[in-house]
Each structure stands twice: as structure tokens, then as C-alpha cells.
There are 2 protein chains.
Amino acid sequence: MIDHAPPIQPLPKVRQGQQLKALLRLRELLLSGEVAPGERVAEIPLAARLAVSRTPLRLALVTLEHEGLLAMLPGGGFVVRDFDPADIADAIELRGVLEGTAARLAAERLTSPKALAPLLASVEVMEPLVRIAHPGLVDFEAYVAANETFHARLLDLAKSPMLRRAMEQAMALPFASPSSFVLTQADRPESREILFLAQAQHRAILQAIERREGARAEALAREHAQLAKQNLQLALGDTELLATVPGGALIRRDSPVGKRRHAS
Amino acid sequence: MIDHAPPIQPLPKVRQGQQLKALLRLRELLLSGEVAPGERVAEIPLAARLAVSRTPLRLALVTLEHEGLLAMLPGGGFVVRDFDPADIADAIELRGVLEGTAARLAAERLTSPKALAPLLASVEVMEPLVRIAHPGLVDFEAYVAANETFHARLLDLAKSPMLRRAMEQAMALPFASPSSFVLTQADRPESREILFLAQAQHRAILQAIERREGARAEALAREHAQLAKQNLQLALGDTELLATVPGGALIRRDSPVGKRRHAS
DNA sequence: CGCAGGATTGTTGTATGCAATTTTGCCAAA
DNA sequence: TTTGGCAAAATTGCATACAACAATCCTGCG
């Protein structure tokens, strides 16, 4: 029994020690909005807050700048970035393009139908969860997990370290992640229908890859991402909903009631 | 006077001082191969060589890791990465996909024909340079400059900061840059023909955007990138040629004599 | 002679002190 | 009241010292 395709180059992109602590805690602070967008990130108090010294903190700052959550200031130092709805939409569009490419490459580079087993497995996990006839509430947690697995396996099938890098970079912004807006419809009555549509697309993508129909696979994966964009539009109208999405605190809605800009 | 404009738009992604010096010099050392692929990067001697201290050097190391030129080691520290032909091909493919998206967005988001002026200007600069009837040698330097301008203006027209980010990341690998393999054909007799073809694609992309034919613009931009892939194949067979391309020292050819591994 | 254990050396990760530059606050002058 | 400039304060950037960790080599024992 062979675990499927191992990574070609096991690159340990993982920091360790204080630097990792700073990175994780600060990222959490940013995504939760505890350190607000527009706010200048002061190193010394932040280092104290994170219980690390300035040196590893500074490394983490540079990393987060590359991830896109921070921006450099002309005079030095960093600010917390924010994103307007157009940015979010473009981020999702971009993910769609990259996933489309992954799907196409998966189709073009498929060697044996057996290689599709992991992808198929994730699809089959989701299948019963989205059945419209299925009684009770949707198990969103299980769906999200399987959904992310699906997208991860799809990326595996593309067999392209370069594409993987690009995808990781694109999904560093949390609201660009495949499942980011799934939970926004947890309470909506039509949620099951939407998930059913998404699942239909999953199956279609799988089929297209299996038949080596690269162009179709690409188009389907792109359209799949449009679903997220649609959910974004819904969420933008509902402040509470927006607060539940991962990086929701970073989304700037152009003055719904009044412009609020507070430092700390 | 709190008449603040909200935009944090102007992102000065520019380092300064010692950090910048370390970044530029080290990047140069990496691209030229003076610090060879596979080699572990020792901080202390390198700091001495670059005439900076370890602190700014370390920041530069993290940056270069994000750019993809370095990789972290499990025990700590960094190695110089290398890339096999399949990686290069995928990098070019990826650039094609992103530029295709830029072209499509440019078409979809075009407001006025006047906005095309900068793109048109760069096309017209190249026009006389590639005329087959044109006497004398091709002015490659001028062509490369105008070509890069073309691709930069195209990215402008997409009006998408997110796409810009992705593109910058993808082109951090120098051989993925639009002009990287142009110079490899400087001596070839058919160079003018190839450049003429490329220019025809430039014109076609411009026209498609002008007519707001997004799908066509995307397909053309993708095909345009295929030209670079073709030049890559040529360069892979010629060691001397490969040495002239920007990041050529980073390309690993599995065996000296014409061994080519098909990436599919 | 081989292997294991330990000391030693070299390297990276972290902390802190210092210098330089930017920002801020204040006061004076138009 | 506004503006210009100057000084003080705070913050970033840099350098170095120290600590922890890993690899290596030597030595002693089996």
C-alpha cells in the first residue's frame, strides 16, 4: 500500500522557535482584527505582547509582508493592510485561474486512472453531506475539511511545484482560500442547494480530468471559484456574516454607516 | 484635521540601507552562480563578503526564500535552490496563465480607448525593430526594453493589485521574466522571424483588448508565452547559450549531453 | 581494528545596546 | 490663526555579544 505521490522536494518551509511563535500569534492578531488595519505596527510593544524579542519578531514581520498582510512604510516599519471588496473579488478570481490551471495540468499529466483515487475519495466523502434529500442540517465542518482535501489533491495532481508556490502565495490571504466563504451560508435555507451545485462541479472536474479534457477541467474549476465570489457578495451586505469569515476584519467596506478609523 | 484619505495604496516595497545592499548583492551572487545551487549559505562569511552584518543579511535571506531562490534547511539555515527544466517550463507556463489573465481583465475593464495609449506606444517602438525587411542586426537591447514595457503596461491595464502581486512573485524567478530568453536567439539567423512573430502577437493582443475580446486576448497572451518555452528548449541544448540567460546558473541539467526529461 | 561516547568546534537563533532617522510637539514670528 | 523651524522623543535599523544546537573529530574502550 503506497501513500500517493510524495512531494518531490521536501522543503521544510517551517520556522521554529521564537520566530514561529511570533509569526503564528501575530498572524492570529491580524486576522482577528485585534491589531487593526491601517494601524502602524510598533515593534517594541508588540514584542512585549507576543513574549518574544524584537529580532525574531522582525523576521516574522518580513514574512507577513510577503504574505500580503502587512505593508512597508516609506519611513520604515509596517502597517496592517486592508482590502476592499474589489481586492477580495480579484483574489478569488486569481485563485480560480490558478485552480483552473491545476485542473488542466492534472488532466494533461494524468498517467493512470489510479492516480485519481485520492481526489475521488474526497468527492465521495462530500457526496452524502450535500444530498438535498439528506435529512437534518448540513455538517459544515466535515464538508469544509473534505473540500479543502479536494483542492489539495487537485493541486497534487498538477505535479507542478511552481504552481503550488503560486497557489500558496495566493491563498495566504485567508479569504481567498477555497472554503473561506462556505461557512457564511451555514444558516441560509438555500445552503444545501448551493453546496449541491458545488459538489456537482467537483464531480464534473473529476470527470474531465479522468477523460483528459484539459480545457473543460480548467473552465469548470474557474466557474467553481465564481461560487465563492457570489458568496462574497452576499457576505458584503451583512456585517455580522462578514465577521465570521477568516480575514473578515481586514475587509474594508466603503463607509456603510460612517467611516471609522481608530488607532488601537 | 482628520481629512484622511483611506488608501494605503502606494506600497513602497523597497528596502533601504544595509538590507537593500545585502539583498541586491546576494541576489546577484545567486543569479550569477558565484554562490552555487545546492550550496549551504553560511551567514558569517557571507556577511563579511557582502560587507553587512548578520542582522540585515538575515532579513535578506528571508526575502530571497520567499522569492524562491533559497530554501530553508531542516536544521536551520538556507540552501541555494536549483531548478530542473520542468520547473522552468512550468514557471513560463504560469507566467503565460497570469499574463493571459491580465490581458483578459484588461479587455473586460477597459474604460476608454485612450487608456490603450501606453500599450500602443510600446508596440510601435518595437515595430521597426523587428521588420524583416529592416537592414542590419536587430537592436536587441532596445527590443528587450520595449518588450518589458509592453508587459508592464499590460499589467497596468488589468487594474488588479492582486494579480500584480502574483505576477511579481512569479517573475521573481528571473528565467520566468518576459524577456529572459529573448537574448538566447541574438545570434541565430531566424531571430528576426521569431521576433516578428512575437510582435504579431503583441499587435493581436492589443487589438483584442481594444475590441474587448477578453477570451481571445487571454488565449493570445498564453500562446505568446509559449514562444519563451520554445526558446527554452533551444537553450537547454546549448550550454553556452544557457549561461547567458539571467538565472542560467540555477538551471540543473540532469546530464551534460542532451538528456531531456519530458515533464509529462 | 572498530565502534561508541564525549568533547570541541562551528553555525544558527536570540537578545540587547547603540546610532540614525523619522516623527512629534512646541514656540515664535508673520 | 497659521506657518515655519527647531528641539526632543520615540522608533526603526544595525551591530555585536551570548546561548543553544548540530555536526565533527578525537579518544578511549571493547
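Naming: A, B, ... by sequence-line order, numbering from 1 per chain.
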Under 4.0 Å protein heavy-atom contacts per nucleotide of nucleotides 9-26 of chain C, with B for base, S for backbone only and - for none: ---BBSBBB----S----
So, B:Glu93 and A:Arg104, do they make that salt bridge, N to O below 4.0 Å? yes
Under a 4.0 Å N-O cut-off, is there an ion pair linking B:Glu34 with B:Arg49? yes
Can you check salt bridge (charged side-chain N to carboxylate O under 4.0 Å, His left out) on A:Arg109 and A:Asp156, steps first, answer last? CA-CA 11 Å; A:Arg109 299 177 178 180; A:Asp156 293 342; over 6 Å; no
Could you check whether B:Asn231 and B:Thr184, counting side-chain N and O atoms only, form a donor-acceptor pair closer than 3.5 Å? no
Whole angstrom is fine here: how far is it from NZ in B:Lys21 over to P in D:dG13? 16 Å
Go through it in stages, so that I can follow the logic: the residues are B:Arg81 and B:Glu65, the test is salt bridge (charged side-chain N to carboxylate O under 4.0 Å, His left out), and I'd like the CA-CA distance, side-chain angles, deciding distance and then a yes or no. CA-CA 9 Å; B:Arg81 286 209 51 178; B:Glu65 185 228 336; over 6 Å; no
Could you give the CG-to-P distance, from A:Leu57 to D:dC14, as a whole number of Å? 15 Å
